[in-house]
Amino acid sequence: MKQQRYDVVIVGGGAAGLSGALALGRARRSVLVIDAGEPRNAPASHVHNYLGRESTPPGELLAIGRGEAAGYGAEIVEGRVASAERLPEGGEGEQGFRVVTEDGRSVEARRLLVTTGLVDELPPVPGLAERWGREVLHCPYCHGHEVADRPIGVLSTGPLAVHQALMWRQWSDDVTLFLHTGPEPTEEEYEQLAARGVAVVDGEVTGLEVADDRFTGVRLASGRVVPREGLVVQARFTARSAVLESLGLKPVAQEMGGVVIGSYIPTDPTGATEVPGVWAAGNVTRLTEQVIGAAAAGLMAGGAVNGDLITEDTRLAVAARRA
């Protein structure tokens with residue numbers, strides 16, 4: 001860290017954080033990005049639906065983003081932020097925060113932008129985590145085209161599994177719903193699945209079959225192996241909210257179709273949280289956002305932060321002029 005106080009400290013250096021840093025750097029603000037180097041999409045081979053950067057490897061996209069933000073003066077350092085705290089207001093009511101990293105470093109900022117993302121909590125099936133982001137998938141818009149026309153399985157662990165199976169049927173006519181630990185489909189759902197040609201398999205899934213570092217099938221408790229080349233799961237999306245919680249913010253549950261799919265930190269449309277001077281963007285506040293949406297949210301938050309700083313700069317300038 002080249003200085004002790006910045007206009008803005010950004011916690012998290014993914015698409016949202018770097019986009020915010022780029023906007024703020026172009027606005028001639030002093031910006032520090034602190035990033036732990038653990039992007040959520042690291043297991044994936046490519047980023048999709050990012051206009052102008054379609055099929056770019058995640059690491060390459062981050063390197064490009066870091067270079068662009070640094071080109072406008074943003075400082076980017078590796079580290080994991082442990083906590084943040086509000087500083088006492090200055091004589092003219094100036095806001096400020098202290099950010100502390102796990103290795104004991106501290107830095108101050110006039111404003112904070114937190115873009116720490118989320119954690120995908122996977123069902124407890126042996127082998128899932130090792131194939132996550134490769135053949136074990138959750139988002140058809142992120143990975144559907146890459147497994148199009150291949151045998152796809154859907155692992156049921158909750159009421160949304162039938163919805164998932166019908167969604168993925170758009171990409172392949174060979175879809176099998178494994179009931180596993182999920183609820184029994186209703187008669188109406190069974191009819192929908194049958195009408196779309198989705199097979200239904202009873203029994204708990206106990207593991208994945210892998211050959212030559214490729215997922216080849218689903219193993220059931222009975223010992224039966226059903227050949228598949230892709231497996232869809234419903235992960236629980238848990239916001240990485242520890243830094244925001246240290247400032248007094250609390251995550252809330254997000255539902256889809258009446259089912260809780262994870263937790264997030266609420267913000268207004270610009271990313272402003274309930275704590276004045278603190279913004280959040282990306283998956284920490286929008287669980288289902290894709291990379292391009294996270295980048296857009298970071299831009300929105302960066303602009304809002306700069307606008308807030310302009311308001312404070314103007315108020316302080318008027319006070320100094322009157323003194």
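Predicted, not measured: the structure shown is a model, and the values here were computed from it.
- Judged as a salt bridge (charged side-chain N to carboxylate O under 4.0 Å, His left out), and not counting sequence neighbours, the contacts of Arg228 are Asp174.
- With sequence neighbours excluded, the residues satisfying side chain to side chain donor-acceptor pair (under 3.5 Å) with Arg5 are Glu108.
- Not counting sequence neighbours, the partners of Tyr141 by the ring pair (Phe, Tyr, Trp, His ring centres under 6.0 Å) test are Trp171.
- In terms of the side chain to side chain contact (heavy atoms under 4.5 Å, CB included) criterion, Asp149 has no residue partners (sequence neighbours excluded).
- Partners of Glu78 according to the salt bridge (charged side-chain N to carboxylate O under 4.0 Å, His left out) rule, which considers only residues two or more places apart in sequence or in another chain, do not exist here.
- Members clustered with Met300: none, using a 4.5 Å side-chain heavy-atom cutoff among hydrophobic residues.
- Expressed to the nearest 0.5 Å, how far CD1 of Ile265 lies from CG of Leu244 amounts to 5.0 Å.
- Legend: ring pair (Phe, Tyr, Trp, His ring centres under 6.0 Å) pairs involving residues 11-41, not counting sequence neighbours: none detected.
- Remark: Glu121 engages Val119, Arg236, Thr238 in a side chain to side chain contact (heavy atoms under 4.5 Å, CB included) (not counting sequence neighbours).
- Every side chain to side chain contact (heavy atoms under 4.5 Å, CB included) that Leu61 has, sequence neighbours left out, goes to Val47, Tyr50, Arg53, Thr56, Val291.
- Among residue pairs with one or both ends in residues 11-25, none qualify as side-chain hydrogen bond (donor to acceptor under 3.5 Å, both in side chains); sequence neighbours excluded.
- Leu112 places a side-chain heavy atom less than 4.5 Å from the side chain of Leu247.
- A cation-pi arrangement is absent between Arg131 and Phe215 under the rule of less than 6.0 angstrom and at most 45 degrees off the ring axis.
- Applying the ring pair (Phe, Tyr, Trp, His ring centres under 6.0 Å) test to pairs two or more places apart or on separate chains, those with a residue in residues 237-260 are His138-Phe237.
- With sequence neighbours excluded, the residues forming a side chain to side chain contact (heavy atoms under 4.5 Å, CB included) with Leu32 are Met1, Tyr6, Val9, Ile34, Glu75, Val77, Val107, listed by chain and number.
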